[in-house]
Amino acid sequence: MEEELPRGYLYFLDIGLLYQLTKAGDYAPVCSPIRVLRRLRTPDGTGRPLEIALRDFDGRIRTVIVPVAELSTRPAAVVNALTHVGLDLRGKPADLTALIKAWDVDATGYLADRPGWLDLPNGASVFIRPDGEVCASRPITEIVRLSGATPMPVSGTLEDWQTTIGRWSVGNPALIAGVAMGFVGPLLGPSRLDTVGINLHSKTSSGKSTVARAARS
């Protein structure tokens with residue numbers, strides 16, 4: 001790790017902390033292990049936020065995307081975002097932002113601001129799920145991240161779905177339409193459509209909410 005650190009910083013493996021060289025010639029603690037992985041290109045080509053990896057209190061590697069401008073305009077927000085996911089800050093907040101600013105990083109990637117289709121400069125198109133997983137029809141070498149990615153909850157099994165919603169949908173046009181809506185997102189790109197929507201209207205207790213729950217299944 002020391003080979004990647006900016007000049008004037010050391011990582012003490014036995015202590016598990018990063019230290020910085022002070023004007024007095026000694027070393028002062030800054031924080032637990034952290035690394036600036038890459039600069040990310042936004043869809044509009046501005047900003048170039050940083051993807052930062054850190055080790056939390058449980059030893060897990062966590063990643064945070066930090067807008068470069070906020071290092072100067074909102075440094076407290078940057079520090080809060082990092083400590084919120086488990087960074088152990090031992091020095092002053094200004095010491096942490098100074099470390100990040102001093103980091104020399106050449107690796108790059110792309111940052112999507114929403115799930116869905118993203119066209120890369122090399123002509124490839126990828127589909128990004130809400131949890132940040134990237135789906136592509138062919139292998140890609142580019143790193144793609146999603147801002148605000150959230151885990152996708154999983155409940156039940158495929159067999160459970162087949163014996164309930166799948167069975168109930170047979171011969172039921174409303175349920176079939178609801179289930180089909182789950183496939184709309186990935187199909188928008190190939191079909192060159194901006195968006196698709198269905199408006200269900202009927203009397204109360206006629207199954208509209210049930211169709212919506214089927215669509216989420």
Side-chain angles (χ1 to χ4, degrees), residues 1-116 118 120-121 126 128-134 140-152:
M1 183 175 188
E2 284 189 21
E3 293 79 5
E4 300 181 11
L5 289 173
R7 185 176 181 180
Y9 292 89
L10 287 176
Y11 174 61
F12 288 84
L13 181 61
D14 55 337
I15 303 177
L17 293 173
L18 290 176
Y19 281 71
Q20 65 175 339
L21 180 63
T22 67
K23 294 180 179 180
D26 55 358
Y27 281 90
V30 179
C31 62
S32 55
I34 189 173
R35 175 181 295 165
V36 180
L37 298 178
R38 59 185 56 86
R39 294 183 183 274
L40 300 171
R41 300 173 183 172
T42 54
D44 59 4
T46 63
R48 295 297 176 92
L50 300 174
E51 182 182 14
I52 298 176
L54 60 92
R55 185 180 300 160
D56 66 14
F57 289 101
D58 296 322
R60 298 173 299 179
I61 302 300
R62 309 287 293 271
T63 57
V64 178
I65 296 173
V66 173
V68 173
E70 290 192 357
L71 289 170
S72 299
T73 60
R74 300 180 63 218
V78 174
V79 174
N80 288 340
L82 296 173
T83 56
H84 178 72
V85 297
L87 180 71
D88 185 5
L89 179 63
R90 295 297 184 91
K92 299 177 181 178
D95 297 334
L96 176 58
T97 55
L99 167 62
I100 297 173
K101 287 180 179 180
W103 211 293
D104 186 16
V105 56
D106 295 324
T108 60
Y110 297 94
L111 177 66
D113 56 3
R114 58 181 175 80
L118 176 68
L120 301 177
V126 298
I128 308 172
R129 300 189 342 178
D131 62 355
E133 181 174 339
V134 178
I140 60 172
T141 58
E142 296 83 355
I143 300 295
V144 180
R145 298 289 185 257
L146 172 64
S147 177
T150 56
M152 296 178 63

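Along the sequence shown, the residues carry numbers beginning at 1.
- Between Arg38 atom CZ and Thr108 atom OG1 the span is 8.5 Å, to the nearest 0.5 Å.
- Residue Trp103 comes nearest to Leu5 through the heavy atom pair CH2-CD2, 3.5 Å, listed as atom of the first residue, atom of the second, then distance.
- Counting non-hydrogen atoms of neighbouring residues, nucleotides and ligands closer than 6.0 angstrom, the CZ atom of Arg129 exceeds 12 such neighbours.
- Side chain of Asn80 to backbone of Ala76: a donor-acceptor contact under 3.5 angstrom is found.
- Atom-to-atom distance recorded for Leu54:CG and Thr63:OG1 is 8.0 Å, nearest 0.5 angstrom.
- The only option from Val126, Leu120, Leu40, Ile128 that meets the side chain to side chain contact (heavy atoms under 4.5 Å, CB included) definition with Tyr110 turns out to be Leu120.
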Requested in this report: Show your reasoning for whether side chain to side chain contact (heavy atoms under 4.5 Å, CB included) applies to Glu51 and Arg145.
Outcome: CA-CA 9 Å; Glu51 182 182 14; Arg145 298 289 185 257; 2.6 Å; yes
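- A distance of 6.5 Å separates CG in Leu50 from CG in Leu71, rounded to the nearest 0.5 Å.
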Query - Val78 vs Leu96, side chain to side chain contact (heavy atoms under 4.5 Å, CB included): CA-CA, chis, key distance, verdict - result: CA-CA 9 Å; Val78 174; Leu96 176 58; over 6 Å; no
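- Residues Arg90 and Asp88 have side chains in contact (heavy-atom distance under 4.5 Å, counting atoms from C-beta outward).
- Side-chain contact between Leu21 and Tyr27 is present, with at least one heavy-atom pair separated by less than 4.5 Å.
- Nearest heavy atoms, Pro33 versus Gly16: CD-O, 3.2 Å.
- Taking the six-membered ring where the residue is Trp, the centroids of Tyr9 and Tyr19 are separated by 6.0 Å or more.
- Under the 4.5 Å side-chain criterion, counting only non-hydrogen atoms from C-beta, Val105 is in contact with Arg39.
- When all heavy atoms of Ser32 and Leu87 are compared, the pair lying nearest together is OG-CD1, 3.2 Å.
- In terms of modelled atom types and a separation under 3.5 Å, the side chain of Ser72 and the main chain of Ala69 share no donor-acceptor contact.
- Of all heavy-atom pairs between Ile65 and Pro49, the closest is CG2-CB, 3.9 Å.
- Distance alone, capped at 3.5 Å, is enough to place a donor-acceptor pair between the Asp56 side chain and the Asp58 backbone.
- The structure places CG of Asp113 at 8.5 Å from CG of Leu146, a figure rounded to the nearest 0.5 Å.
- Listed here is the closest heavy atom pair of Thr22 and Ala28: CG2-CB, 3.7 Å.
- Note: Arg74 CZ to Thr97 OG1 = 14.0 Å, rounded to the nearest 0.5 Å.
- The line from CZ of Arg35 to CG of Leu18 is 10.0 Å long, rounded to the nearest 0.5 Å.
- Exactly one residue among Leu99, Val36, Ile100 makes a side chain to side chain contact (heavy atoms under 4.5 Å, CB included) with Pro6. That residue is Leu99.
- In terms of heavy atoms, Asp131 sits closest to Pro151 at CB-CA, 4.2 Å.
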